[in-house]
Amino acid sequence: QVASAPADLPYEAFYFEFSYFPFIFSASPAAFEQAIKLLDSRKSKAPERQFFVGNFTHKQNTMLATISFHPVIEKWFSDNFSAPSPPQAQGWPVIAAGQHTLILAPTGSGKTLAAFLWCIDDLFRRGVQADAKEFSRNTGGIHTLYISPLKALNNDIHRNLQEPLHGIKETALVMNLTPPAIHALVRTGDTPANERQAMLRRPPHILITTPESLFLLLTSRQGREMFRNVRYLIIDEIHAISNNKRGVHLSLSLERLMH
């Protein structure tokens, strides 16, 4: 639920709480720092957090080497991009360290790749070390779960994921390495029944879904089994559900997912 912001919070900052975690959005670095100090002074222990505000200064060209992406992933990125965008440069070290991460950035700034590339890297490493057929069968269940409240966005994300997955596969072949088959699927209310059943028998490595479809999957034993070994959770467009019943509903599903 949305919490009432402290009365003395800088007006340039926007404050809300989601699933008991406080978030602060601000385009003003000064107001952002002031808000952080104010909230920290009122808590015995400051919440774990990572925030991203505009006007980054970062040595972006050296980022990939310091993060230790797999050489195939690193080459694919370097061949297609001159440097990481600010959300990528600031987000990847935190994601790679296994910390919860909140990324706030404009449309078209590379947020999707910032969220997904380290997950793909982890999947790629697991795939090259595993038996190809076993990895493709994916008996371990879903590795990366992406949730968006916008059903149309899910299909866009699925299409946009195919480009890096295909590019990484081609780069691996050029480097004389057999690429693992990484599968990504969409599950929404429009997914045909036969595809839903096939997904339960052979889960994708990456599942793209909505809060409501996640809830339905968690109500069945077979559906819950798919999430037993989930490693990464990505929630997109969180602001669209932070102040309504869908957000409360999703927070309950996430609690079920965690336990």
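The structure presented is a predicted model; accordingly, all values stated were derived computationally and were not measured.
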Single-linkage hydrophobic cluster, 4.5 Å side-chain cutoff, I142 and L257 together: yes

Between F116 and Y146, ring centroids under 6.0 Å: yes

Exam field: side chain R196 to backbone G189, donor-acceptor pair closer than 3.5 Å: yes

L177 side chain reached by L173 side chain, heavy atoms, under 4.5 Å: no

pair N80-K75: side-chain heavy atoms closer than 4.5 Å: no

M226 side, atom CE; L145 side, atom CG - distance, nearest 0.5 Å: 9.0 Å

Check: L113 and F77 side chains under 4.5 Å, non-hydrogen atoms: yes

Approximate separation, where rounding is to 0.5 Å, of I157 CD1 and S148 OG: 7.5 Å

Nearest non-hydrogen partners of M199 and V186, listed with the distance: CE-O, 3.7 Å

Common cluster, L150/F215, ILVMFWY with side-chain heavy-atom separation under 4.5 Å: no

Pairwise side-chain contact, I235 with P211, heavy-atom cut-off 4.5 Å (strictly under): no

S242 side chain vs A240 backbone, donor-acceptor pair below 3.5 Å: no

Any L233 side-chain heavy atom under 4.5 Å of T144 side chain: no

Backbone N/O of A114 and side chain of W92: donor-acceptor pair under 3.5 Å: yes

V174 with F69, same ILVMFWY side-chain cluster at under 4.5 Å: no

G140 backbone acceptor or donor facing N229 side chain under 3.5 Å: yes

CA sep, side-chain torsions, deciding dist, call: N138, H183, side-chain hydrogen bond (donor to acceptor under 3.5 Å, both in side chains): CA-CA 9 Å; N138 193 27; H183 301 292; over 6 Å; no

Check: H158 side chain, A184 main-chain N or O, donor-acceptor pair, under 3.5 Å: yes

Derivation and outcome, side-chain contact (heavy atoms from CB on, under 4.5 Å), residues L252 and R256: CA-CA 6 Å; L252 293 174; R256 294 188 67 186; 5.8 Å; no

Any donor-acceptor pair under 3.5 Å from K111 side chain to I103 backbone: no

From T191 atom OG1 to Q197 atom CD, the distance as rounded to the nearest 0.5 Å: 12.0 Å

Exercise: identify the closest heavy-atom pair between I182 and F124: CD1-N, 4.1 Å

From L104 atom CG to I238 atom CD1, the distance as rounded to the nearest 0.5 Å: 11.0 Å

Y232 OH to L123 CG distance, which is reported to the nearest 0.5 Å: 9.0 Å

Donor-acceptor pair, side chain of Q88 and main chain of S85, under 3.5 angstrom: yes

N/O donor-acceptor pair under 3.5 Å between T219 side chain and L216 backbone: yes

Nearest atoms (heavy-atom pairs only) where S253 meets L218: O-CD1, 3.5 Å

In one Ile/Leu/Val/Met/Phe/Trp/Tyr side-chain cluster, 4.5 Å: L207, V230: yes

Shortest non-hydrogen separation from V128 to P180 and the atoms involved: CG1-CD, 3.8 Å

All salt bridge (charged side-chain N to carboxylate O under 4.0 Å, His left out) counterparts of R202, not counting sequence neighbours: none

Main-chain N/O of G247 paired to N244 side chain as donor or acceptor, under 3.5 Å: yes

Which atom of L200 lies closest to which atom of Q222, heavy atoms considered: CB-NE2, 3.8 Å

Of all pairs that satisfy side chain to side chain donor-acceptor pair (under 3.5 Å), the ones with a partner from residues 167-178, not counting sequence neighbours: none

Side-chain heavy-atom pair R187, I208 within 4.5 angstrom cut-off: no

Pair I120-I168, side-chain contact (heavy atoms from CB on, under 4.5 Å): steps then yes or no: CA-CA 10 Å; I120 294 173; I168 289 166; 3.8 Å; yes

pair I241-V248: side-chain heavy atoms closer than 4.5 Å: no

Flag if over 12 foreign heavy atoms under 6.0 Å of CD, E163: no

Residue pairs fulfilling side chain to side chain donor-acceptor pair (under 3.5 Å) with at least one residue in residues 204-213, sequence neighbours excluded: T210-S213, E212-R246

Separation of H249 NE2 from L214 CG (nearest 0.5 Å): 9.0 Å

Closest heavy-atom pair and its distance - F135, A130: CB-CB, 4.3 Å

